[in-house]
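Just so we're on the same page: letters track the sequence lines, and every chain starts at 1.
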There are 2 protein chains.
Amino acid sequence: MKGDQRKKEILKTAAQLFRKKGYNAISMRDLAQALGIKAASLYNHIKSKQEILSLIVMEVAESFTLGIDSISKSKISSIQKLNQIIELHVNITIEHADAISSVNNDWMHLKEPDLDSFIKMRDGYEDKLRKIIKKGIKDKEIADINIEVMLFSMLSTLRTLHLWYSKKQGINKEELCGQMKHILLKGISLDK
Amino acid sequence: MKGDQRKKEILKTAAQLFRKKGYNAISMRDLAQALGIKAASLYNHIKSKQEILSLIVMEVAESFTLGIDSISKSKISSIQKLNQIIELHVNITIEHADAISSVNNDWMHLKEPDLDSFIKMRDGYEDKLRKIIKKGIKDKEIADINIEVMLFSMLSTLRTLHLWYSKKQGINKEELCGQMKHILLKGISLDK
DNA sequence: AAAGTTAACTAACAAGTGTTAGTTTTTCAA
DNA sequence: TTGAAAAACTAACACTTGTTAGTTAACTTT
């Protein structure tokens with residue numbers, strides 16, 4: 001369990017590199033060089049390049065799945081659920097900014113069974129969010145605009161948060177959460 | 001000027017493939033096979049793989065630049081300008097859905113001088129949009145929330161429109177434009 | 001029908017890919 | 001301090017990459 005430390009460094013560095021150029025543009029020699037070792041040495045710690053991608057992407061995907069599951073079943077209003085979903089995204093983005101890039105852009109290079117599992121998680125996530133919005137409309141908490149447009153707009157903003165967050169240092173988590181909630185929810189919620 | 005026809009087919013097919021797996025994951029042999037020819041035959045029509053990417057990305061980038069320039073200098077209210085920007089994105093997305101994927105995810109694989117030119121166009125685009133928002137706030141047309149959060153939220157939704165548009169067939173352009181305007185502007189505009 | 005042009009082909013190249021085998025160095029508890 | 005375990009190394013593999021050279025087939029145009 002000591003070697004775990006080095007493995008974590010490898011995953012962290014890989015995520016940084018994947019973020020800049022994408023999974024396929026980074027060779028094992030690139031990754032090794034960034035760590036100051038030779039490519040073959042990586043294999044003392046990891047099974048394959050595929051495993052690296054899988055560990056990076058699946059961990060974050062599972063965090064999202066866990067988060068939305070918990071929010072979904074809690075007994076709060078739909079608007080409060082959306083607020084918590086925004087917090088979930090902000091938290092995961094801050095903690096795994098590099099990994100999220102691969103979750104967005106490199107997931108299609110996963111191999112089975114991870115690929116299938118990832119897609120199921122992603123679809124499941126969208127569907128749970130869709131149901132929350134639907135219920136919010138029924139309960140007159142949320143405006144009756146096209147659900148799919150609303151869902152897409154929220155998700156695309158939240159999913160690409162990492163592109164923008166790393167560029168701005170002058171904003172803290174609470175402030176960011178607050179402004180995201182304003183932007184994403186003010187246009188759709190019916191009451192205060 | 002006859003060969004232009006074949007060249008366009010190559011670019012179109014390349015954009016489709018790049019969209020699915022990214023520039024680096026598609027080999028010249030993959031591209032050739034999708035066209036029913038051998039890889040070497042591609043070079044009767046194009047100079048290099050790089051040229052393919054460049055033609056795909058730069059054309060769309062220039063459309064956006066042209067569009068925002070024209071909107072910027074027209075004498076209409078800030079809210080009207082934002083409306084036109086939404087229309088610009090919807091139009092380009094519908095016409096170049098595949099290419100937009102590369103504009104978002106593969107631009108970093110451009111070589112100089114295209115890379116530099118692309119980044120300048122992209123930064124210029126963001127800055128013009130930022131100035132429109134700023135003026136809208138000054139003129140009390142737009143709510144005085146954090147400009148950068150507003151800018152980012154709009155852009156991330158508009159830039160990833162292609163991810164979602166191709167999945168839905170039951171929506172026409174006008175309807176889409178209308179709902180995007182509602183979602184993106186209702187939360188930030190001060191009056192109707 | 002002949003000649004010329006366009007666009008396909010086969011074959012091959014140099015360089016780069018992920019990965020394995022076998023060996024040496026480093027780390028650190030006994 | 002010795003011996004084992006961990007982690008680095010060198011060298012090589014089979015395969016894929018973008019691209020070029022040279023050749024043949026398929027069209028237009030005369």
Revision key, fill the gap. Checking C:dA11, C:dG18, D:dG18 against the side chain of A:Met28 (C-beta onward), the nearest is C:dG18

Check your understanding: More than 12 non-hydrogen atoms from neighbouring residues, nucleotides or ligands closer than 6.0 Å to CD on B:Gln50, yes or no?
Key -> yes

Point to revise | B:Tyr43 OH to C:dT10 C1', straight-line distance once rounded to whole Å | key: 16 Å

Check your understanding: For DNA chain D, what string of dots and brackets results from 5' to 3' when Watson-Crick and G-U pairs need both distances under 3.5 Å, crossing pairs get [ ], and pairs with another strand get |?
Key -> ||||||||||||||||||||||||||.|.|

Check your understanding: Nearest-Å distance, CD1 (B:Ile52) to P (D:dT17)?
Key -> 14 Å

Check your understanding: NA contact type, B:Ile26, heavy-atom cut-off 4.0 Å: base, sugar-phosphate, or nothing?
Key -> sugar-phosphate

Check your understanding: D:dA8 phosphate, OP1 or OP2: any side-chain N/O from A:His45 under 4.0 angstrom?
Key -> yes

Review point. How close or far is atom C1' of C:dT5 from atom CG of B:Asp4, stated in whole angstroms?
Key: 16 Å

Review point. Do B:Tyr125 and B:His89 make the cut of ring centroids closer than 6.0 angstrom?
Key: yes

Check your understanding: Can you tell which of C:dG18, D:dT20, D:dT19 lies closest to the side chain of A:Lys49?
Key -> C:dG18

Practice item. Choose from C:dT20, D:dT20, D:dA8 the nucleotide whose nearest atom is closest to any side-chain atom of A:Ala40. Key: C:dT20

**Study point:** Residue whose closest nucleotide on DNA chain D lies nearer the 5' end, B:Gln50 versus A:Ile37
**Key:** A:Ile37

Review point. Looking only at N and O atoms, is any donor in the side chain of B:Arg29 or the base of D:dG18 less than 3.5 Å from an acceptor on the other one?
Key: yes

Study note, to complete from the structure: Winner on side-chain proximity to A:Lys38, out of D:dC9, C:dA8, C:dA11, is D:dC9

Check your understanding: Base, sugar-phosphate alone, or nothing: which one does A:Ser27 contact when heavy atoms must sit under 4.0 Å apart?
Key -> sugar-phosphate

Check your understanding: Is a donor-acceptor contact shorter than 3.5 angstrom present between the side chain of A:Asn44 and the base of D:dA6?
Key -> no

Exercise for review: Using atom CD1 of B:Ile46 as one end and atom P of C:dT6 as the other, report the distance to the nearest whole Å.
Suggested key: 17 Å

